[in-house]
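Since the structure is predicted, the reported quantities are computational estimates derived from the model, not experimental observations. A note on names: the letters A, B, ... follow the listed sequences, proteins ahead of strands, and every chain is numbered from 1.
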2 protein chains.
Amino acid sequence: MNVIEVADPADDRLADYVRLRDSSLRRSLEAEHGLFLAEGEKVVRRALRAGYRPRSLLLTRRRRTVLDDVAAEFSAPVYVVDDAVAESLVGFHLHRGVLASFHRRPLPGVAEVVADARRVVVLEDIVDHTNVGAIFRSAAGLGVDAVVLAPRCADPLYRRAVKVSMGAVFTLPYARLDNWYNGLEDLRRRGFTLLALTPAPDAVPLAEAVDGDGRYALLLGTEGDGLSSRWIAQADVRARIPMAARDVDSLNVTAAAAIACYELTR
Amino acid sequence: MNVIEVADPADDRLADYVRLRDSSLRRSLEAEHGLFLAEGEKVVRRALRAGYRPRSLLLTRRRRTVLDDVAAEFSAPVYVVDDAVAESLVGFHLHRGVLASFHRRPLPGVAEVVADARRVVVLEDIVDHTNVGAIFRSAAGLGVDAVVLAPRCADPLYRRAVKVSMGAVFTLPYARLDNWYNGLEDLRRRGFTLLALTPAPDAVPLAEAVDGDGRYALLLGTEGDGLSSRWIAQADVRARIPMAARDVDSLNVTAAAAIACYELTR
């Protein structure tokens with residue numbers, strides 16, 4: 001275990017961890033270096049278990065020994081810093097005291113991730129990292145086999161998505177469509193029934209739209225506006241979660257996704 | 001409609017809207033004056049439809065006419081301000097351009113809100129307003145009849161909870177237990193089967209724990225630690241949402257709540 005104490009937050013060796021709340025800086029930095037960050041002991045362990053290779057770890061002094069049992073497995077440097085150095089570096093108090101920077105891997109193609117899948121979730125343009133992370137956590141926990149992302153959907157390996165997913169983004173296979181307009185056709189050709197989840201009152205109740213056999217791809221749309229008319233038109237079935245009255249006309253996308261994944265995998 | 005243009009963010013008449021992100025200030029201010037805030041046209045309309053009485057409205061110039069059709073229904077002043085005044089007052093850019101301050105009403109008692117209820121959700125110590133709002137939205141949308149809050153559960157009428165709930169906190173009846181330790185006994189005496197939702201692998205799958213008849217109270221615990229051992233011990237049944245493997249051992253509380261409400265009300 002290669003432990004290095006660092007006292008200067010401007011030290012180049014800590015550059016992977018700079019200004020974590022500056023999302024435009026982080027996006028370009030992470031893309032350029034092909035890295036992503038994991039936060040907290042539990043999530044870092046999950047990334048390691050999933051086979052991701054660390055570039056480095058950053059531990060606060062108080063938490064410096066928490067990963068000792070797995071540190072033998074990798075040769076990446078472990079930087080140990082004071083709380084104040086960590087805070088100055090990342091831009092907030094690092095109360096979990098554990099960060100790690102990992103190498104990204106090449107994303108598999110859609111054909112590969114859906115090859116043996118029976119239940120797939122397809123995210124159209126979910127732009128909020130919190131929502132992407134929450135949907136991955138539910139989908140993975142409930143037994144969805146893979147996720148397919150539209151070209152504009154937010155990055156599941158962005159720190160906030162990783163954190164909210166509790167590491168589910170490491171274990172649930174996903175791929176990205178390179179074509180929004182015709183991307184769904186490929187799933188249909190592979191035998192998936194395309195279910196568009198919508199609050200439309202004339203859609204079919206979800207429980208009636210799914211049976212035990214067959215392959216299903218559940219399409220989920222943007223936070224505010226839902227699925228595009230293009231994707232709704234391409235779907236085989238428009239499915240809804242039955243709603244009571246009470247002046248509430250829809251669920252939020254993560255709640256709807258959780259229920260739909262539950263129904264899809266029961 | 002009593003429209004008043006205000007140019008000074010320090011004007012006393014705007015005091016209900018000051019520093020909306022300063023949560024400790026807001027809590028004491030709102031408690032002292034018995035008010036709560038609603039944000040955005042849709043949510044303000046829902047508060048009005050639910051019969052809440054406005055203290056005042058705050059509209060940015062660009063949005064000054066959006067509530068004209070309902071303004072005849074109340075006599076409260078409508079303050080119209082520039083974007084810059086709004087931002088200086090509330091502490092961020094008010095992009096929806098619509099805020100309203102409402103009088104709170106006395107909370108009903110537990111006996112009253114559960115009197116005719118068959119499906120009740122009981123929140124132990126959910127401390128995050130976003131989670132409370134999300135659970136209300138799902139519970140109301142899916143047809144839960146009432147919510148009961150433990151003494152330390154976060155306030156459903158706090159701005160963030162109101163917003164995330166999309167106004168469901170106005171239409172779904174709720175009450176607060178004044179006693180955490182023995183509060184559940186009262187529900188049991190009223191004929192509710194107490195279901196403790198837990199990820200414990202030896203709990204009963206939720207679908208097997210609920211049948212169509214009977215009265216059920218679903219107990220949901222704190223974000224991190226789940227239900228207290230006291231409440232789990234008091235429950236009649238420990239119920240779980242069946243999980244797949246994939247190194248994910250639980251769902252987040254709002255996803256679990258959505259699925260549980262779906263199962264409870266189907």
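Partners of B:T222 according to the side-chain contact (heavy atoms from CB on, under 4.5 Å) rule, which considers only residues two or more places apart in sequence or in another chain, are B:D125. Residues forming a salt bridge (Lys or Arg N to Asp or Glu O under 4.0 Å) with B:R19 (at least two apart in sequence, or on another chain): B:D22.
Closest non-hydrogen pair, A:L251 versus B:S138, comes out as CD2-CA, 3.7 Å.
Within 6.0 Å of atom CG in A:D116, 12 or fewer heavy atoms from other residues, nucleotides or ligands are found, so the atom counts as exposed in its surroundings. Heavy atoms of other residues, nucleotides or ligands lying less than 6.0 angstrom from CZ of B:R62 number more than 12. Around atom CZ of B:R53, no more than 12 heavy atoms belonging to other residues, nucleotides or ligands sit under 6.0 Å away.
For chain B, the nearby part of A:I241 is the side chain; its heavy atoms alone come within less than 4.5 Å.
Contacts between residues 254-266 of chain A and chain B, defined by a heavy-atom separation under 4.5 Å, are made by A:A255, A:A258, A:I259, A:Y262, A:E263, A:R266.
The salt bridge (Lys or Arg N to Asp or Glu O under 4.0 Å) pairs that include a residue from residues 197-215 of chain B are B:D202-B:R238, where partners are two or more places apart or lie in different chains.
Between chain B and the residues A:A134, A:S250, A:P242, A:S165, the largest count of heavy-atom pairs under 4.5 Å involves A:S250.
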